[in-house]
**Student:** 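Pasting a structure here, questions to come.
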Amino acid sequence: MRRALAGVLGAVLLALTGCGIPANTEVQVDGSGPAVEAGASSFRRDEPPSRTASGDDRELFVKNYLAAAAGEPEQAYTRVKRFIAPENKSRLQEKQGSEIAVNVVRLTEKPVITENANGVFSVRLPVQQVGLLRANGVLGPPVATDKEYRFSLRGAATSGQEGTAEAGLFVTDPPNVLLLSVDALREYYQTSPVYFWSSDQRRLVPDQRYLPLAVPHERRVSEVVKWLIAGPSEWLSTGVSRLPDRTALINNATETDDRWEVTLDLPGDDSRRLAQIGTQLAWSLPELDGQLQLTTRNQSRVFIEDLKQHRLAHPVYPVNDNPQRYAVYEGAVHPLAYTGEANAPVPVAAEDNRNVVSAGLSRAADRVLAALVVDVPGGRRRLVTSSGPDPVSVDNPSAQTFTTIGRPVWLRSPDPRQPYGLVVADGNLWRFDDRGRMEQVPLNVPGPVTAVAASLEGHRIALVVGGALHLAAVNLDGGVVTAGPARRVATSLTELSAVDWAGENTLVLAGTAGRSAVYQVSIDGALQTALVSDVGARVTHLSTYPTNPVVALPSALIMYEANGVAYRYPQGDTIRRDEVLDVTPPPDGVRPGSPTAPFFLF
């Protein structure tokens with residue numbers, strides 16, 4: 001199994017290094033590097049540039065001004081005011097503590113800098129509002145609606161320094177908000193997810209945070225503990241559990257001889273809950289491999305001898321290291337064959353593997369979860385589901401039929417006896433089970449639903465509603481699948497058509513950026529990378545095997561379909577007929593069909 005994964009990794013690395021990225025691919029949209037996954041940061045501790053670092057370079061000065069708020073929140077206003085002319089500093093009204101928030105923006109064009117007759121420069125910043133970065137590291141939905149900001153620049157007024165590089169520039173008439181570009185967010189913060197237990201206390205769920213690189217290493221553990229105590233992001237709160245009320249950190253975490261000690265005031269002195277917090281911290285601090293001791297005021301104690309081994313013993317995701325590729329060919333699911341990758345027969349009974357349009361298969365312990373979208377008379381489509389040992393008989397049809405049905409996805413429930421999935425049909429979101437039962441899932445946002453994707457732990461979903469990206473937490477309590485309030489996410493792509501998860505806190509999106517394109521985007525929309533900048537047609541199907549901290553992969557494995565042709569990324573190849581196994585070659589003179597609706601089974 002691991003040998004097969006090594007082949008997969010080798011193929012990916014070869015594509016990335018030996019062959020290069022396909023000619024129709026651009027690598028970066030925002031910033032200087034790809035969106036960072038948990039545990040992948042270099043952990044630098046950098047402060048943004050000073051006001052005078054740009055000299056008299058106006059473009060560089062504006063770039064540095066949009067980075068000045070980066071760093072520890074308590075000093076954000078002080079850093080930004082150093083860029084503002086003394087006579088205008090009062091225009092930026094300061095906030096304190098938890099009220100400190102930074103408007104994260106994406107420049108939609110280069111800054112427009114115009115010289116006026118009086119020697120002052122006018123600046124116009126066209127922007128897309130991305131979100132509000134708060135002191136707890138959460139990048140929440142944007143509050144501001146401004147599509148551009150305007151201010152002016154002047155030289156220093158100190159006698160004898162006018163016009164010199166040493167004097168530098170000042171902002172006049174500044175916006176009354178802290179601004180931070182997505183480039184600065186990428187450069188001066190590390191993505192640092194913290195983990196909360198799901199509402200049923202059985203699965204860890206990551207919550208994206210941003211930690212300033214300026215935070216000293218010795219405060220890192222204390223900051224993460226405080227984030228856990230403060231609770232999850234608002235959009236995630238309906239799907240996860242908070243720490244007990246009135247939980248508090250007593251003093252700061254301390255490190256002695258490679259052992260971290262954390263003392264908590266934990267109401268109820270629940271030793272089981274303390275052990276759960278230990279596992280949360282083990283995954284929320286992926287760079288730590290030493291010892292961790294948790295103590296309560298009442299002297300309850302949990303000691304983790306080796307954080308790295310603890311993570312191995314308590315994997316955050318139930319994924320295997322042997323993803324297998326399948327596609328639909330001539331109305332049936334077939335395995336795909338690639339050098340160095342494992343393949344296996346279709347885990348669906350042969351008599352049920354017919355009239356298939358698309359499929360969603362998943363593994364849960366020793367069972368296979370199967371959902372097939374099949375053609376039925378009258379030009380309609382139906383969902384047929386089941387679960388059981390391999391090969392599974394898929395013989396539970398839904399009572400409803402639809403004009404259109406998207407790719408069905410299974411939620412990775414911790415209880416394989418109660419499997420549930422989600423699917424989009426005729427513009428609405430539906431939940432289904434392995435008995436073919438379907439019920440519509442209400443959402444709090446208007447518009448047709450055209451795509452849904454489920455995260456690895458099964459408690460978060462990404463949706464395309466009205467052509468835009470939305471996120472929602474999923475609650476499985478009581479055997480009922482409910483979606484929490486959906487949060488809209490701003491991206492550069494418009495007219496979205498497909499989505500899947502590229503990692504813990506990243507997504508793969510298909511949409512339009514002048515041309516049909518595929519991007520990798522952080523779940524808050526701030527960090528994005530163009531994977532394929534010109535697909536050539538609208539993407540109608542998208543499937544990934546996401547990166548994760550349990551199975552090491554250099555990048556997500558991606559397959560997609562556009563205009564009836566299937567592709568795989570990062571290779572950039574079309575998925576050909578001769579790569580489809582267990583099919584009968586067509587007669588001489590008959591053109592073979594094309595594989596469609598590719599997906600991964602894991």
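Sequence positions, counted from 1, serve as the residue numbers for this chain. Just so it is clear, the structure is predicted and the values come from calculations on it, not from any experiment.
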**Student:** With sequence neighbours excluded, what pairs up with Arg203 under the salt bridge (charged side-chain N to carboxylate O under 4.0 Å, His left out) test?
**Tutor:**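 Salt bridge (charged side-chain N to carboxylate O under 4.0 Å, His left out) check on Arg203 returns nothing, list empty.
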**Student:** Between Ser233 and Arg487, does the side-chain hydrogen bond (donor to acceptor under 3.5 Å, both in side chains) criterion hold? Intermediate values first, please.
**Tutor:** CA-CA 11 Å; Ser233 299; Arg487 170 193 168 178; over 6 Å; no
**Student:** Please check this pair: side chain of Arg209 against backbone of Asn136, looking for a donor-acceptor N/O pair closer than 3.5 Å.
**Tutor:**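 Yes; at least one donor-acceptor contact below 3.5 Å.
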**Student:** Between Arg259 (side chain only) and Gly290 (backbone N and O only), is there a donor and an acceptor less than 3.5 Å apart?
**Tutor:**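 Here the side-chain-to-backbone pair does not exist.
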**Student:** Quick one: does Tyr519's side chain get under 4.5 Å of Thr529's, heavy atoms only?
**Tutor:**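 No, every pair of side-chain atoms sits at 4.5 Å or beyond.
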**Student:** I'd like to know if the side chain of Glu218 and the backbone of Glu255 have a donor-acceptor N/O pair within less than 3.5 Å.
**Tutor:**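 No: the side chain of Glu218 does not pair with the backbone of Glu255.
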**Student:** For salt bridge (charged side-chain N to carboxylate O under 4.0 Å, His left out), just list the numbers for Arg311 and Asp289, CA-CA rounded to whole Å, side-chain angles, deciding distance to a tenth of an Å, and then say yes or no.
**Tutor:** CA-CA 9 Å; Arg311 288 189 288 271; Asp289 293 338; 2.8 Å; yes
**Student:** Mind jotting down which residue pairs meet the ring pair (Phe, Tyr, Trp, His ring centres under 6.0 Å) criterion with at least one end in residues 68-110? Sequence neighbours excluded, please.
**Tutor:**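 Checked against ring pair (Phe, Tyr, Trp, His ring centres under 6.0 Å) - neighbours excluded - the pairs reaching residues 68-110 are Phe61-Phe83.
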**Student:** Go through it in stages, so that I can follow the logic: the residues are Glu72 and Arg219, the test is salt bridge (charged side-chain N to carboxylate O under 4.0 Å, His left out), and I'd like the CA-CA distance, side-chain angles, deciding distance and then a yes or no.
**Tutor:** CA-CA 12 Å; Glu72 300 207 51; Arg219 278 184 35 219; 2.7 Å; yes
**Student:** Can you name the nearest heavy-atom pair linking Ala468 to Leu496, along with the distance?
**Tutor:**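 Where Ala468 meets Leu496 most closely, the heavy atoms are C-CD1, 3.8 Å.
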**Student:** Tell me whether Gln280 contacts the main-chain N or O of Tyr195 through its side chain, where contact means a donor paired with an acceptor under 3.5 Å.
**Tutor:**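 It does hold such a pair.
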**Student:** Among residues at least two apart in sequence or on other chains, which ones pass side-chain contact (heavy atoms from CB on, under 4.5 Å) with Ala184?
**Tutor:**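 Applying side-chain contact (heavy atoms from CB on, under 4.5 Å) to Ala184 gives Ala67, Leu180, Ser181, Tyr188.
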**Student:** Determine whether Val424 and Val464 satisfy the following criterion, side chain to side chain contact (heavy atoms under 4.5 Å, CB included), listing intermediate values before the conclusion.
**Tutor:** CA-CA 10 Å; Val424 173; Val464 176; over 6 Å; no
**Student:** Are the side chains of Leu125 and Leu66 in touch, meaning some heavy atoms are under 4.5 Å apart?
**Tutor:**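 With C-beta onward as the side chain, the pair touches.
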**Student:** Got a donor-acceptor contact below 3.5 angstrom from the Asn475 side chain to the Thr238 backbone?
**Tutor:**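 Judged by distance alone, yes, a pair lies under 3.5 Å.
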**Student:** Evaluate the ring planes of Tyr189 and Tyr210, with Trp represented by its six-membered ring, and classify them as parallel (under 30°), tilted (30 to 60°) or perpendicular (over 60°).
**Tutor:**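 The rings of Tyr189 and Tyr210 stand perpendicular, inter-plane angle above 60°.
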**Student:** What pairs of residues pass the ring pair (Phe, Tyr, Trp, His ring centres under 6.0 Å) test when at least one of them lies in residues 226-257, not counting sequence neighbours?
**Tutor:**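 Listed by first then second residue: nothing to list.
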**Student:** Could you work out, with salt bridge (charged side-chain N to carboxylate O under 4.0 Å, His left out) as the rule, every residue matching Lys81, not counting sequence neighbours?
**Tutor:**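 Expected list: Glu94.
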**Student:** With side chain to side chain contact (heavy atoms under 4.5 Å, CB included) as the criterion, how do Phe151 and Ile84 come out once you've worked through the C-alpha distance, each side chain's angles and the decisive distance to 0.1 Å?
**Tutor:** CA-CA 10 Å; Phe151 53 89; Ile84 298 175; over 6 Å; no
**Student:** If we count only N and O atoms by modelled type, under 3.5 Å, do the side chains of Gln208 and Ser522 hold a donor and an acceptor together?
**Tutor:**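 Absent: no donor and acceptor within the cut-off.
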**Student:** Any heavy-atom pair between the side chains of Val319 and Arg412 that's under 4.5 Å?
**Tutor:**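 Answer yes - side chains close enough.
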**Student:** Tell me, please, which residues at least two apart from Gln309 pass side-chain contact (heavy atoms from CB on, under 4.5 Å).
**Tutor:**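 Once residues adjacent in sequence are excluded, the partners of Gln309 under the side-chain contact (heavy atoms from CB on, under 4.5 Å) criterion are Asp306, Leu312.
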**Student:** With Val508 as reference, evaluate Val521, Val499, Leu542 under the side chain to side chain contact (heavy atoms under 4.5 Å, CB included) test and give the passing residue.
**Tutor:**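 Among the candidates, only Leu542 passes.
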**Student:** Verify, without hydrogens or angle tests, whether Arg106 (side chain) and Ala526 (backbone) share a donor-acceptor contact under 3.5 angstrom.
**Tutor:**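 Looks like yes, one N/O pair under 3.5 Å.
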**Student:** Under 4.5 Å between any side-chain heavy atoms of Val130 and Asp524, yes or no?
**Tutor:**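 Not touching, per the 4.5 Å side-chain cut-off.
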**Student:** Who pairs with Asp500 by salt bridge (charged side-chain N to carboxylate O under 4.0 Å, His left out), at least two apart in sequence or on another chain?
**Tutor:**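 Here the qualifying residues are Arg407.
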**Student:** Grab the two heavy atoms, one from Thr172 and one from Glu87, that are nearest each other, plus how far apart they are.
**Tutor:**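 Thr172 and Glu87 have their closest heavy atoms at CG2-OE2, 4.2 Å.
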**Student:** More than 12 foreign heavy atoms under 6.0 Å from CG of Asn176: is that the case here?
**Tutor:**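 Yes, because the 6.0 Å sphere around CG of Asn176 holds more than 12 heavy atoms from other groups.
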**Student:** Spell out, as yes or no, whether a donor-acceptor pair under 3.5 Å connects the side chain of Trp501 to the backbone of Thr544.
**Tutor:**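 No, Trp501 side chain to Thr544 backbone: no donor-acceptor pair under 3.5 Å.
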**Student:** Does the distance from a Lys or Arg side-chain N to an Asp or Glu carboxylate O, for Asp173 and Arg91, drop under 4.0 Å?
**Tutor:**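 Between Arg91 and Asp173 there is a salt bridge, with a charged N closer than 4.0 Å to a carboxylate O.
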**Student:** Which pairs pass ring pair (Phe, Tyr, Trp, His ring centres under 6.0 Å) with one or both residues in residues 287-320, sequence neighbours excluded?
**Tutor:**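 Non-adjacent pairs meeting ring pair (Phe, Tyr, Trp, His ring centres under 6.0 Å): His310-His314.
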**Student:** Would you say the side chain of Thr191 lies within less than 4.5 Å of the side chain of Leu527, judging by non-hydrogen atoms?
**Tutor:**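 A side-chain contact exists here, since the closest heavy-atom pair is under 4.5 Å.
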**Student:** For Gln528 and Ser492, run side-chain hydrogen bond (donor to acceptor under 3.5 Å, both in side chains): C-alpha distance rounded to whole Å, both residues' side-chain angles, the deciding distance at 0.1 Å, then the answer.
**Tutor:** CA-CA 9 Å; Gln528 60 183 33; Ser492 292; 2.7 Å; yes
**Student:** So which heavy atom on Pro315 is nearest to which on Val550, and how close?
**Tutor:**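 Residues Pro315 and Val550, closest heavy atoms: CB-CG2, 4.2 Å.
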**Student:** Within the 4.5 Å heavy-atom criterion, are Val177 and Leu179 side-chain neighbours or not?
**Tutor:**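 Answer yes - side chains close enough.
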**Student:** Pair up each side-chain donor or acceptor in residues 137-149 with any protein partner under 3.5 Å, not counting sequence neighbours, and list the distances.
**Tutor:**
| unit_1 | atom_1 | unit_2 | atom_2 | d |
| --- | --- | --- | --- | --- |
| Glu148 | OE1 | Arg124 | NH1 | 3.3 |
| Glu148 | OE2 | Arg150 | NE | 2.8 |
| Glu148 | OE2 | Arg150 | NH2 | 3.2 |
| Tyr149 | OH | Gln129 | NE2 | 2.9 |

**Student:** So Phe170 and Asn88, do their side chains get closer than 4.5 Å, heavy atoms only?
**Tutor:**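 No, every pair of side-chain atoms sits at 4.5 Å or beyond.
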**Student:** Mind running side chain to side chain contact (heavy atoms under 4.5 Å, CB included) on Val480 and Tyr420 for me, showing each step along the way?
**Tutor:** CA-CA 9 Å; Val480 177; Tyr420 297 98; over 6 Å; no
**Student:** Between Arg79 (side chain only) and Ala68 (backbone N and O only), is there a donor and an acceptor less than 3.5 Å apart?
**Tutor:**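 Yes; at least one donor-acceptor contact below 3.5 Å.
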**Student:** List the atom pairs, donor and acceptor, that lie under 3.5 Å between side-chain atoms in residues 270-277 and the rest of the protein, sequence neighbours left out.
**Tutor:**
| unit_1 | atom_1 | unit_2 | atom_2 | d |
| --- | --- | --- | --- | --- |
| Asp270 | OD1 | Arg272 | N | 2.9 |
| Asp270 | OD1 | Arg273 | N | 3.2 |
| Arg273 | NH1 | Gln276 | OE1 | 3.0 |
| Arg273 | NH2 | Arg242 | O | 3.0 |
| Gln276 | NE2 | Gln201 | OE1 | 3.2 |

**Student:** Short question: side chain of Thr547, backbone of Ser555 - any donor-acceptor pair under 3.5 Å?
**Tutor:**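 It does not hold such a pair.
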**Student:** Which atom pair, heavy atoms only, marks the closest approach of Gly239 to His459?
**Tutor:**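 The pair with the smallest heavy-atom distance is O-ND1, 4.0 Å.
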**Student:** Would you please test Leu281 and Leu228 for side chain to side chain contact (heavy atoms under 4.5 Å, CB included) and show each step?
**Tutor:** CA-CA 9 Å; Leu281 284 173; Leu228 289 175; 3.7 Å; yes
**Student:** List in chain and number order the residues that pass side-chain contact (heavy atoms from CB on, under 4.5 Å) with Leu60, two or more places apart in sequence or in another chain; answer none if no residue qualifies.
**Tutor:**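 In terms of side-chain contact (heavy atoms from CB on, under 4.5 Å), with neighbours along the sequence ignored, Leu60 is linked to Ser54, Asp57, Lys63, Asn64.
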**Student:** Under the 3.5 angstrom rule, does the side chain of Arg488 hit a backbone N or O of Val465 as a donor-acceptor pair?
**Tutor:**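 Flag not set: sc Arg488 to bb Val465 has no pair under 3.5 Å.
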**Student:** With sequence neighbours excluded, tell me which residues meet side-chain contact (heavy atoms from CB on, under 4.5 Å) with Thr263.
**Tutor:**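 Thr263 satisfies side-chain contact (heavy atoms from CB on, under 4.5 Å) with Ile250, Thr295 only.
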